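Model, not experiment: these values are computed from the prediction.
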Amino acid sequence: MPALFRAAEALLVAALLTVATACGSRLPEGAFETSRAPGESAREPVRVGVITSATSPVGGAAFDGPGQGARAYFDALNARGGLDGRRVEVVTCDDGGSGAGNNECVQRLVEEKKVFALVATTVLDYAAASRVSRADVPDIGGQPIGPAYDTYPHLYGIYGSQAPRTGGEPGWDGVLYGGTEVYRWFKQAVGARTAAVVSYNQASSAAYARLITRGLEAEGYRVVSEQLDFALPNFRAVAADIGRSGADLVFDALDAHGNAQLCEAMDEVGTRVTAKVTNVQNWNSAVPRDYKDAPGCRNALWATGSSRNYEDTGHPAVREFRQALRGKELSQWQLEGWAAAMWFTDAAKSCAGDLTRACVERYLNRPEPYTARGLLLPVSYRPLDEPPASRRACLSVARWQDGRGWVTQGGDMSRNCYDVPQIPYRPR
């Protein structure tokens, strides 16, 4: 897990978007398939589905990145002759960011189009996750916006899971666990000792801020808590308080727009910190535009995640990704979507021409972790009966620098590793 409580963070985003939309602001399991998908013959295209919330309340830029990366991978694969000589046919569906729309997309792709698998699912409300699982359709490399990938069999999120995934409660009897590796890294790498945590006075935001605080305190930080009024946030006052606190780091439980406003306010009042820490969703080439009025804070942006920096052009798999996406704005989510499509392809190739869902899932559930040729930290789906009290966790870290983009920090992500405690939380 690349950051503490990743599912909780994603649920916060979903909750904030739901509230923001209302306010008018921006703010169980069947047996494995043992035959080919219905209607499939040996030389027909392999049909996969990509579901995104491209027209969600926050627009396509927020959720379409993984789908873009997956489609680019399949385009490149088809140009090389496809999957064992068969073209991969990508069927897309935009669920509009709603549960009803998600059910409609699953009906269309899984029940009508009979896709063999879903790849790089990135949706605001995965309301139909149980339907996908009951249909025994592998969902490979999805973004865990919610607890579905820690709940249902046949669903394989891009970051892996050790949860039992029986189709009942998520995690272990409704409890998930997250590590403190992000906070350990900043403590050891940059000497951080004081962290400000900024949230709204809104239930999901405040709850996630409390989880961040628990993780920071477990690593020995002094924590300064700041809260904004959700309806009328005074970003300047909070920015000034952060400056007076002497905080080394700023973490937040805000939406993307709130993050930008906080950065602008920090520049206005002269607050400087070692790192304004953001997440993989904001790790993209749009930083100069999104933070155009906050040059000081912009150059203090750091991001953490579980995938190799898309700016790491010295790595061959990154170069291949960038070549396929040339001419487009780039993002870490695109790279993770590309890796999801690669994961599906490698699983399908393991079947040696006898492509079945059972064979694909044997690959996904194998003991050896998957790395997408070094694009991902090792991903595995090996369930544990009991949650671990601690585990060895690694992370990828990058810092934004004007003129250079996202610059990798701390060396190779496979060596940014720590033995850290696992802290429990309920995702809902």
Can any side-chain N or O of Thr356 pair as donor or acceptor with the backbone N or O of Cys359 at less than 3.5 Å? yes
For residues Gln332 and Ser307, is any side-chain donor paired with an opposing acceptor at under 3.5 Å? yes
Distance under 6.0 Å and angle within 45° of ring axis: Arg391 vs Tyr177: no
Rounded to the nearest 0.5 Å, what separates atom CG in Leu330 from atom CZ in Phe321? 5.5 Å
When you check the side-chain N and O atoms of Trp333 and Gln143, is any donor under 3.5 Å from an acceptor? yes
For the side chain of Arg382 and the backbone of Gln162, is there at least one donor-acceptor N/O pair under 3.5 Å apart? no
Nearest 0.5 Å please: distance from the CG atom of Asp150 over to the OG atom of Ser161. 3.5 Å
Trp343-Tyr363 aromatic ring centre distance below 6.0 Å: no
For Phe74, does the six-membered ring have the charged nitrogen or CZ of Arg71 within the cation-pi criterion, i.e. under 6.0 angstrom from the centroid and within 45° of the normal? no
side-chain hydrogen bond (donor to acceptor under 3.5 Å, both in side chains) with Tyr126: of Asn102, Asp139, Asp95, only one passes, and it is Asp139
Does the salt bridge (Lys or Arg N to Asp or Glu O under 4.0 Å) test come out yes or no for Glu311 and Arg399, once each step is laid out? CA-CA 11 Å; Glu311 301 269 26; Arg399 178 185 180 182; over 6 Å; no
Could you go step by step and tell me if Arg289 and Glu329 meet the salt bridge (Lys or Arg N to Asp or Glu O under 4.0 Å) rule? CA-CA 12 Å; Arg289 180 179 67 242; Glu329 285 193 337; 2.8 Å; yes
Take atom CG in Asp229; do more than 12 heavy atoms of anything else shown fall under 6.0 Å from it? yes
I need the Asp94 CG to Phe63 CZ distance, nearest 0.5 Å. 11.0 Å
Using atom types as modelled and distance alone, determine if a side-chain donor or acceptor of Asp312 lies under 3.5 Å from a backbone N or O of Thr408. no
Does Arg392 make a cation-pi contact with Tyr418 (under 6.0 Å, within 45 degrees of the axis)? no
Just checking Arg80: does its CZ atom have more than 12 heavy atoms from other residues, nucleotides or ligands closer to it than 6.0 angstrom? yes
Would you check if the distance from the ring center of Tyr291 to the ring center of Trp400 is below 6.0 Å? no
Counting neighbours of CD on Glu368 that are heavy atoms of other residues, nucleotides or ligands and sit closer than 6.0 Å, is the number greater than 12? yes
Can the ring centroids of Tyr183 and Phe251 be said to lie less than 6.0 angstrom from one another? yes
